[in-house]
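Accompanying notes for the structure given below.
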Amino acid sequence: MTADPAANPTADAHYDHPHPRKGFFTDTSICIGCKACEVACKEWNRNPVDSDYELLGSSYDNTGALGANTWRHVAFIEQGAEQIDRARESGRALVDLGMPRVGPPEGAASSKTTSQGTIPVTQAAAAGCGSGGGGCGCGGSPSPEDSADSSDGQGPESPVAASVHPDTPDFRWLMSSDVCKHCTHAGCLDVCPTGALFRTEYGTVVVQDDVCNGCGTCVAGCPFGVIERRSDGVFEPKNQRDSPPVPDTVKVPQHGVAQKCTLCYDRMKNDQTPACAQACPTTSIKYGDHDSMAATARERVAQLHEQGKTEARLYGANPNDGVGGTGSVFLLLDEPETYGLPPDPRVPTADLPYMFKRAGMAVAGMLAVGAVAFASGGRR
Amino acid sequence: MSVSEYDNYRPPEEPRRKRKGKGRRRASGSAFRRGGDGSREMPMVPEPEFTSYYGRPIVKAPPWETQIGAYLFLGGLAGGSSILAFGAELTGRPLLRRNMRLSALTAASLGTVALVSDLGRPERFLNMMRTIKPTSPMSLGSWLLAYYASHAGFAAAAEVDRMTHAKLPLGPLRPVLRFIERPAAAGAAVTGAPLAAYTAVLLSDTAVPTWNAMHKDLPFVFVSSASLAAGGLAMLTTPVTETKPARTFALAGVAGELVAMHLMKQRMDPVVVEPLEQGRPGTWLTWSERLALAGAAGTILGGRRRWVAALSGTALIASSALTRFGVFQAGKDSVKDPKYTVEPQRNRLAKRRAAGIVDDSITTAG
Amino acid sequence: MSRFSPLEWPVFRQFRTADSTGRSSAAVSQHTRDITSRTETADRVVQSVCPYCAVGCGQKVYVKDEKVIQIEGDPDSPISRGRLCPKGSASEQLVNSPGRQTRVLYRAPRATEWQQLDLNTAVDMVVDRFLESRRRTWQDTDEQGRLLRRTMGIAALGGATLDNEENYLIKKLFTAAGAVQIENQARI
Amino acid sequence: MGTSFGRGGATQSLQDMANADCIVIQGSNMAECHPVGFQWVTEAKARGAKIIHVDPRFTRTTAVSDKHLPIRVGSDIALLGGLINYVLTHDLWFHEYVLAYTNAATIINDDYRDPEDLEGLFSGYDPDSGTYEHTSWSYRTAPGYEDEGAQDSGEDEHGDQKSGRAGGDEHGSGGPPLNTNHPDRDESLQDPNTVLQILKRHYARYTPEMVRDTCGISLEDFDYLARAVTENSGRERTTCFAYAVGWTHHTLGAQFIRTAAVLQLLLGNVGRPGGGIMALRGHASIQGSTDIPTLFNLLPGYLPMPSVDKESFDEYVDAIAVKKQKGFWAEAEAYTVSLLKAWWGDAAQEDNGWAYDYMPRLNGPHGTYQTVMAMLKDEVEGYFVLGQNPAIGSANGRLQRLGMSHLKWLVVRDFNLIESATWWKDGPEIATGELRTEDIDTEVFFFPAANHVEKAGTFTQTQRLLQWRHQAVNPPGDCQSELQFFFELGKRLRAKLADSRDERDRPLQELTWDYPLLPEGEPDPRAVLAEINGRHLTGPDKGKPLSSYTQMKADGSTDGGCWIYTGVYADGQNHAADRKPGREQDEIASEWGWAWPANRRILYNRASADPEGKPWSERKKLIWWDAQHKRWTGPDVPDFPVDKDPAARPDPDLGGAAALSGDDPFIMQADGKGWLFAPRGMVDGPLPTHYEPQESPVVNPLYAQQQNPARELFPHPGNLSAPEPGTPQAEVYPYMFTTYRLTEQHTAGGMSRWLPYLSELQPEMFCEVSPELAAECGLEPYGWATIVSPRSAIEAKVLVTDRMTPLDIGGRTVHQIGLPYHWGQGGDAVVTGDAANDLLGITLDPNVHIQESKVGTCDIRPGRRPRGPEVLELVSEYQERAGLTPSTSNTKVTDPQRELTAEQTEDGSQ
């Protein structure tokens with residue numbers, strides 16, 4: 001594991017002009033589940049259709065999971081009241097863990113005004129609204145427009161009490177667009193024997209489909225189950241009958257090769273925004289330099305905590321987690337596994353030296369046994 | 001499922017579109033599409049204690065078919081055979097040496113063919129030699145296999161030349177072959193052991209829950225399994241007079257495997273051990289244990305009688321194969337249920353939190 | 001494969017460059033270095049508007065060798081700011097869709113299958129039927145003798161997916177021909 | 001909208017929704033149907049606005065909204081009426097705004113009767129024709145002007161039945177004519193006949209409790225909504241309402257929108273940034289296809305199609321607008337002459353009434369559903385279907401397909417072989433045996449069409465914006481644009497009739513039909529747009545385009561295809577193709593595309609300033625009176641005569657724009673005011689009143705009159721309706737269903753079910769039911785269910801979800817089923833399924849003739865539907881059990897004891 005823990009893994013990659021690391025920030029609190037990202041990604045990369053045209057039995061998600069042909073996947077989770085409370089509880093537990101707050105020092109009264117500049121952060125809110133894991137009594141500081149100034153006799157006499165959570169307390173519908181994480185320590189990249197997977201000058205991880213021989217090790221190497229070998233890569237978007245042949249500009253078979261999101265490496269080289277980030281109507285998918293994405297993420301989660309939504313948490317923004325932090329940072333509203341994400345992923349390469357040591361001992365043991373067997377066997 | 005009497009009008013519900021390529025099963029567990037295999041469990045209400053996304057897998061099993069399982073076995077067999085071959089050469093057991101060298105080469109070449117055929121793009125198998133990546137067990141393994149196969153090849157070539165009484169049109173090469181025979185055999189023997197062990201690292205260095213959890217002890221299991229396989233093969237093919245060391249080698253292998261397998265299961269997170277004990281892998285592994293014991297017993301008691309040795313040799317070979325396939329399939333099964341991915345990670349996270357390390361979780365509040 | 005060009009073999013490059021573990025620049029193939037986005041190599045780009053809903057998202061249409069190769073959001077549009085919904089993003093497939101018809105088809109009375117027809121004869125046949133139906137169902141005046149001057153035998157449906165200019169010509173032609181039963185999706 | 005404000009388009013641009021402090025999305029599923037437009041709602045939310053979604057279902061819009069109010073389908077007026085009542089009783093209406101800018105203080109004449117007094121009917125209801133005669137609703141004339149007033153209204157009464165009837169939906173751009181120019185007003189609002197007092201009495205019974213029992217909305221939720229809306233209105237803050245077909249697809253559709261208009265006027269939100277009513281149109285150019293209408297009752301620019309009783313040009317023009325009424329609509333004559341000059345050029349002269357006699361006449365509604373009924377009676381021979389899929393998209397799909405089987409010839413122009421082109425081969429009726437392919441005589445022509453990148457032209461978006469599309473590639477194969485097809489059709493028709501002496505062919509012979517051709521043979525759309533914009537025909541700048549509709553003259557010296565679009569080609573430049581990037585402009589972005597009228601982006605923006613011309617507040621500043629330069633200024637084009645002093649009070653008899661006083665922001669209305677009370681323009685009542693939909697399991701809690709008495713009915717064996725609630729047979733169809741769209745598919749599927757990338761996202765027809773209903777009927781999650789309605793039966797997979805909420809309506813639990821309507825049975829699409837619209841009946845809103853496709857009653861049962869003829873048996877078995885006959889629920893007036901009406905069958909026994 002020679003890559004240094006610095007956020008930008010391209011540092012050791014000897015690129016003549018390394019760029020700042022690019023990445024996503026997916027804010028699932030404003031995702032409207034429209035799947036524009038799925039279609040834009042498929043349309044740009046000309047990925048084949050990945051479905052048997054049947055309802056999968058998972059609310060509005062008929063795509064299933066990320067795979068060789070689906071590099072963006074929108075998850076839909078319908079939750080009732082107790083799941084919401086459980087999520088708020090686990091979110092609050094995270095806050096109470098006294099996570100080292102990356103950014104403004106814990107103690108200082110951080111009256112940082114968020115980019116929107118409309119929500120001043122009071123000291124109480126900055127320290128996490130429920131100290132000591134107690135119920136979030138204050139129900140989140142009343143967001144400014146609740147205690148609206150009852151202007152010129154228009155509003156009723158008493159300013160309206162801050163309803164605890166303006167959100168519907170009894171039901172919510174989580175939507176989140178999942179994508180390759182482009183990890184700092186990428187399991188797939190490490191185990192790839194042919195060098196098909198490589199770290200680009202933007203710090204992203206891309207498969208070279210002209211090199212990959214489809215050995216499939218990377219599929220097992222990814223702790224998030226993102227990459228997959230395309231088993232039937234016949235490209236033309238399948239149609240029910242033997243439809244007229246697809247115009248030749250779109251027929252690119254990528255049979256038998258590992259495939260995953262390239263963070264639109266081709267677009268990125270021409271300073272274009274990746275197809276999914278450009279298409280996303282509510283910019284739930286934000287694209288930019290990784291550091292600014294992480295900063296926006298922290299700002300956003302702080303803002304949500306002030307609104308009493310303690311279930312908000314970041315996923316992948318911590319540089320010293322099991323994969324060294326990810327290129328795509330997520331803001332989730334529940335435990336990662338609810339979205340089908342691993343709760344504590346760890347790049348397998350982290351234990352590789354130990355594995356080689358154990359294997360070495362085994363090899364020595366085998367040779368020793370062989371030698372002993374022959375030494376003692378001399379008699380008969 | 002539905003109770004209306006018009007149901008019998010349901011047109012035959014063949015899937016809407018036949019999928020070209022290798023049948024309907026897709027590596028990424030298309031079982032979940034049918035709502036499990038037949039059992040109509042309600043995806044609406046996941047089990048209370050741990051949530052998952054409609055029961056769908058979180059990580060993906062590698063798209064490896066049975067050929068890779070076979071390669072695991074053949075690689076170990078080849079490695080073990082080279083060691084026995086070199087030992088036989090040193091201690092003057094010509095028959096054992098010849099059989100072992102030939103079997104080492106056949107096993108290695110069969111293994112290579114199996115590997116290449118499992119590739120998505122077999123025609124690009126040479127790309128394995130593109131880089132030497134210390135972080136990739138398969139990259140190092142490919143180089144190791146290349147080195148081993150060439151050396152085992154030279155040793156075996158010499159053997160074949162000797163068997164055909166120098167009729168082969170080698171001409172000037174013959175002295176060269178004679179000269180390099182011994183170092184080649186030595187090289188094959190030395191790299192034989194790593195060839196058996198590296199496949200264990202290949203499996204463990206993945207995110208597949210069961211394989212990853214085995215990474216402490218799997219090398220010992222595979223090495224022992226290789227030894228007993230090679231010993232078994234020796235007993236099967238070579239007259240009893242020369243196979244004394246092979247028998248001890250095999251017995252050591254059996255002992256090693258039993259101990260290692262037991263220790264491994266102890267050290268793994270109990271949840272992740274389940275795939276090893278359920279379904280097909282479960283039966284295979286229990287049978288591999290029985291055959292190993294039977295083989296060992298046969299070796300100890302009737303080791304000197306030819307047919308008993310041959311019989312126990314086959315038992316040992318079968319046991320080694322079953323171990324490899326059992327471990328291989330257990331890993332692939334452990335991916336299907338997200339429980340095996342989530343719960344061990346939850347336990348690991350909780351342990352770290354309990355130990356006061358709070359800054360290394362992927363989920364953060366700030 | 002770059003293996004054969006001598007010094008370009010990634011293993012050598014691993015030792016020559018800082019990327020000793022072969023996980024980034026050393027492993028890059030020439031093909032990957034030449035990758036560029038197809039919108040850069042397009043012949044021309046045209047500003048258009050999405051045909052699906054009424055938000056009116058701006059679209060950029062990239063064309064190469066007289067074929068549409070990419071349709072994406074137009075960042076200049078103050079309404080959509082370069083964003084699109086799933087349908088808008090699928091516009092390129094709407095244009096190049098394999099299911100799209102490009103030939104005139106005709107079904108004779110009582111026939112069970114389509115047959116191909118060339119465009120010219122088809123339009124002539126429609127013109128004849130139009131005039132014939134118009135003559136047969138013409139109404140000059142109503143029962144109280146007030147001027148009607150119309151035909152109730154010809155009707156038209158459709159227009160909300162068409163351009164204003166097309167709607168204008170249709171309304172103008174049908175009204176002059178006396179056909180008043182013209183409707184479109186604004187009604188359903 | 002047209003009746004209340006004077007124009008029938010959305011009042012704001014989508015970007016302006018970001019300025020709203022509270023957004024109520026009702027009758028729309030904006031995040032799914034207008035996702036990219038929804039970014040501005042997300043922007044508003046980021047700035048702290050409160051988003052409230054009122055919808056029977058919890059949809060993807062609700063997922064990112066602050067509050068969800070589950071409502072019973074079809075009871076929107078009860079909720080909005082409740083809000084009006086809340087605003088009036090708590091005295092939260094915006095006093096200065098309402099007094100100055102609306103007709104709140106106007107006095108209505110004495111013989112007006114309210115439904116409160118007449119058990120659900122307004123005065124002036126004629127039971128025989130089932131329509132209202134609206135003289136009893138008109139303003140009382142101010143003292144001293146009685147004579148002038150009486151003469152006017154008298155002449156107007158003659159034969160007004162048609163103008164009253166057809167007057168409903170013609171107010172896209174120009175309010176209806178008034179009977180007097182000097183309405184009597186009582187600024188102190190004490191007179192019981194002032195509009196505000198009538199409003200208070202009318203909505204007195206719309207209490208929160210009534211809302212709870214009618215809509216199923218709890219008191220706390222109602223209180224939350226009421227507080228949110230009222231606190232975010234007034235000087236400093238504005239609330240915006242957004243609606244779509246969730247409101248228009250009802251028998252009370254137009255009245256739903258009217259209620260919202262009344263509420264927004266009372267709260268003073270109209271014409272101000274972040275306020276108004278956002279009409280979210282469905283298709284790319286629905287607004288365009290009503291501005292330049294391929295509609296039976298309109299000419300371009302919302303001029304009414306001549307009806308049979310307007311025998312001369314002068315009669316026609318007088319019916320549109322009285323010369324002396326205020327506002328720009330008074331110039332209707334200039335607009336009509338310019339249109340006729342554009343169509344018939346020199347043949348249109350003063351002497352022949354500007355070729356008015358070339359125009360065909362209407363003698364009643366000839367909408368698409370009347371046409372289908374005519375088809376079933378073999379009265380229609382030819383049918384053009386242009387980019388529409390009626391077999392799936394229109395209500396009562398079965399009647400649509402059966403109707404088409406009666407045609408002699410059918411022309412379908414589309415990209416793919418949609419179900420409307422292949423029903424004769426693989427439609428549901430072939431499967432059930434009702435039609436046999438060999439017996440169908442219809443000749444079908446399928447012409448492949450060019451799509452949006454293969455032809456140039458303009459779309460008019462939901463915010464009245466014309467955007468030009470450039471042509472990227474030439475259409476492949478035989479594909480043609482409609483422009484080229486119809487130009488060619490017209491050329492050949494004219495060639496065939498060139499030497500005809502017959503009088504009926506003169507209009508075609510003398511039509512101006514020569515447009516310059518592009519190299520590929522297509523007429524140049526720019527020339528057509530220039531004709532729409534209009535030109536000077538005489539005088540110094542002959543041939544030069546007009547730059548504003550004020551330049552149109554009634555003396556035949558100008559021509560113009562559509563007066564509201566005049567200005568798109570101002571000074572010869574195609575402003576629809578203006579493409580100044582949004583980044584380089586202010587938020588109004590007036591140099592991107594061109595918005596009618598006169599590139600105004602926020603309509604009635606004069607109301608964003610107080611009567612003296614000062615902005616109501618710094619935060620909501622838009623247009624203000626610049627005293628030194630004596631002009632109205634601001635980022636947007638003022639929707640007001642630019643140089644009219646706010647204090648100006650000219651004599652109303654001057655007529656036209658000159659008569660507008662300084663505080664009349666609604667320049668298209670006959671009195672320049674926003675109409676809380678609509679004396680004209682609505683055929684089913686001056687004030688919105690709650691009636692139950694055509695099919696409802698619930699008795700109308702307010703009045704004995706169950707449904708809208710003026711709704712248009714189509715009694716036909718194929719169009720039966722469910723029994724009246726309260727009768728035992730009503731339990732045969734106990735559940736309500738509503739239809740809607742999904743983001744991934746497009747309306748009837750013509751442009752989405754042929755695309756694998758979209759079909760893969762939503763592959764199968766499904767219905768959404770609540771767990772309680774699933775338990776009650778034994779439905780299996782993701783299993784199959786059959787849904788039976790009085791018209792037909794379809795099957796769908798079942799999505800059991802908490803997003804559907806059973807509602808407690810007056811002690812009875814009402815279950816609602818959600819049905820997306822994108823799928824259809826046909827042989828050519830990537831994904832097929834049953835069409836939800838087959839379940840729908842045809843009952844129309846009287847004002848705009850739109851069918852009620854958002855609500856109906858049905859039964860649901862597990863398992864797939866029977867195949868072949870058995871499905872007809874299932875449907876007829878249900879119909880017998882419910883005792884349905886063509887007259888069930890099809891009598892307009894429900895309650896017999898009306899002193900006005902003659903004989904009626906006794907109550908409820910239908």
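Throughout, protein chains are lettered first and strands after them, A, B, ... in sequence-line order, and every chain is numbered starting at 1. Keep in mind that the numbers below use all heavy atoms, side chains included, and drop hydrogens, waters and symmetry copies.
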Taking all non-hydrogen atoms of both residues, which atom of [X] and which atom of [Y] are closest, and how far apart?
{"X": "C:Pro78", "Y": "D:Gly582", "value": "CB-CA, 3.8 Å"}
{"X": "D:Gln461", "Y": "C:Cys53", "value": "NE2-O, 4.2 Å"}
{"X": "C:Pro51", "Y": "D:Ala284", "value": "O-CB, 3.4 Å"}
{"X": "D:Ile850", "Y": "C:Ala186", "value": "CD1-O, 3.7 Å"}
{"X": "C:Leu147", "Y": "D:Arg361", "value": "O-CG, 3.0 Å"}
{"X": "C:Ala90", "Y": "D:Leu755", "value": "O-CD1, 3.9 Å"}

Could you go through the side chain to side chain contact (heavy atoms under 4.5 Å, CB included) check for C:Leu169 and D:Leu483 one step at a time?
CA-CA 7 Å; C:Leu169 283 199; D:Leu483 211 64; 3.7 Å; yes

Please check if the side chain of [X] supplies one atom and the backbone of [Y] the other of a donor-acceptor pair under 3.5 Å.
{"X": "C:Glu165", "Y": "D:Thr458", "result": "yes"}
{"X": "D:Arg469", "Y": "C:Val49", "result": "no"}
{"X": "C:Gln101", "Y": "D:Phe447", "result": "no"}
{"X": "C:Arg107", "Y": "D:Thr442", "result": "yes"}
{"X": "D:Glu482", "Y": "C:Glu166", "result": "no"}
{"X": "C:Tyr52", "Y": "D:Ser752", "result": "no"}
{"X": "C:Arg110", "Y": "D:Asp441", "result": "no"}
{"X": "D:Glu381", "Y": "C:Glu132", "result": "no"}
{"X": "C:Lys87", "Y": "D:Met751", "result": "no"}
{"X": "D:Gln467", "Y": "C:Gly56", "result": "yes"}

Is [X] close to chain D through its backbone or its side chain, or both, or neither, when contacts mean heavy atoms under 4.5 Å?
{"X": "C:Ser133", "answer": "both"}
{"X": "C:Asn120", "answer": "both"}
{"X": "C:Val63", "answer": "side chain"}
{"X": "C:Glu113", "answer": "both"}
{"X": "C:Asp118", "answer": "neither"}
{"X": "C:Ala111", "answer": "backbone"}
{"X": "C:Asp142", "answer": "side chain"}
{"X": "C:Val46", "answer": "side chain"}

Per-residue contact mode, [X] against chain C (heavy atom under 4.5 angstrom):
{"X": "D:Trp468", "answer": "both"}
{"X": "D:Ala576", "answer": "neither"}
{"X": "D:Glu438", "answer": "both"}
{"X": "D:Pro360", "answer": "both"}
{"X": "D:Leu280", "answer": "neither"}
{"X": "D:Ser481", "answer": "both"}
{"X": "D:Leu508", "answer": "both"}
{"X": "D:Thr512", "answer": "both"}
{"X": "D:Leu465", "answer": "side chain"}
{"X": "D:Val411", "answer": "side chain"}
{"X": "D:His746", "answer": "both"}

Could you label the plane-to-plane angle of the D:Phe445 and C:Tyr106 rings as parallel, tilted or perpendicular, counting under 30° as parallel and over 60° as perpendicular?
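Tilted.
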
In terms of ring plane angle, is the pair D:Phe384 and C:Phe174 parallel, tilted or perpendicular, where the classes change at 30° and 60°?
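The arrangement is perpendicular - the two ring planes meet at more than 60°.
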
Could you tell me whether the side chain of [Y] reaches within less than 4.5 Å of the side chain of [X], counting heavy atoms only?
{"X": "C:Asp163", "Y": "D:Val528", "value": "no"}
{"X": "C:Lys171", "Y": "D:Leu299", "value": "yes"}
{"X": "D:Trp40", "Y": "C:Arg81", "value": "yes"}
{"X": "D:Glu454", "Y": "C:Val68", "value": "no"}
{"X": "D:Trp409", "Y": "C:Met125", "value": "no"}
{"X": "C:Val104", "Y": "D:Phe446", "value": "no"}
{"X": "D:Asn363", "Y": "C:Arg146", "value": "no"}
{"X": "D:Gln388", "Y": "C:Glu183", "value": "no"}

Run the numbers on C:Gln93 and D:Leu758 for side chain to side chain contact (heavy atoms under 4.5 Å, CB included), then give the verdict.
CA-CA 10 Å; C:Gln93 190 171 61; D:Leu758 292 178; 5.8 Å; no

Winner by heavy-atom pair count (cut-off under 4.5 Å) against chain D, out of C:Gln144, C:Arg44, C:Arg136, C:Gln59:
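Looking at each of C:Gln144, C:Arg44, C:Arg136, C:Gln59 in turn, C:Arg136 comes out on top.
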
Relative to chain D, which of C:Thr141, C:Leu148, C:Val45, C:Asp140 shows the most heavy atom pairs under 4.5 Å?
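Option with the top pair count is C:Leu148.
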
Output, in order, the C-alpha distance, side-chain angles, deciding distance and verdict of side chain to side chain contact (heavy atoms under 4.5 Å, CB included) for D:Gln471 and C:Val61.
CA-CA 9 Å; D:Gln471 180 172 6; C:Val61 184; over 6 Å; no

Under a 4.0 Å threshold between the charged nitrogen and the carboxylate oxygen, would D:Asp357 count as salt-bridged to C:Arg149?
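A salt bridge is absent here (no side-chain N lies under 4.0 Å from a carboxylate O).
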
Does this structure show an ion pair linking C:Arg129 with D:Glu443, if we count only N-O contacts that are shorter than 4.0 Å?
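Judged by the 4.0 Å cut-off on N to carboxylate O distance, C:Arg129 and D:Glu443 do form a salt bridge.
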
Have a look at D:Thr368 and tell me which of C:Leu157, C:Asn184, C:Ile182 forms a side chain to side chain contact (heavy atoms under 4.5 Å, CB included) with it.
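When C:Leu157, C:Asn184, C:Ile182 are each tested with D:Thr368, the side chain to side chain contact (heavy atoms under 4.5 Å, CB included) holds only for C:Leu157.
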
Please step through side chain to side chain contact (heavy atoms under 4.5 Å, CB included) for the pair C:Thr161 and D:Leu386, ending with a clear verdict.
CA-CA 9 Å; C:Thr161 51; D:Leu386 317 165; over 6 Å; no

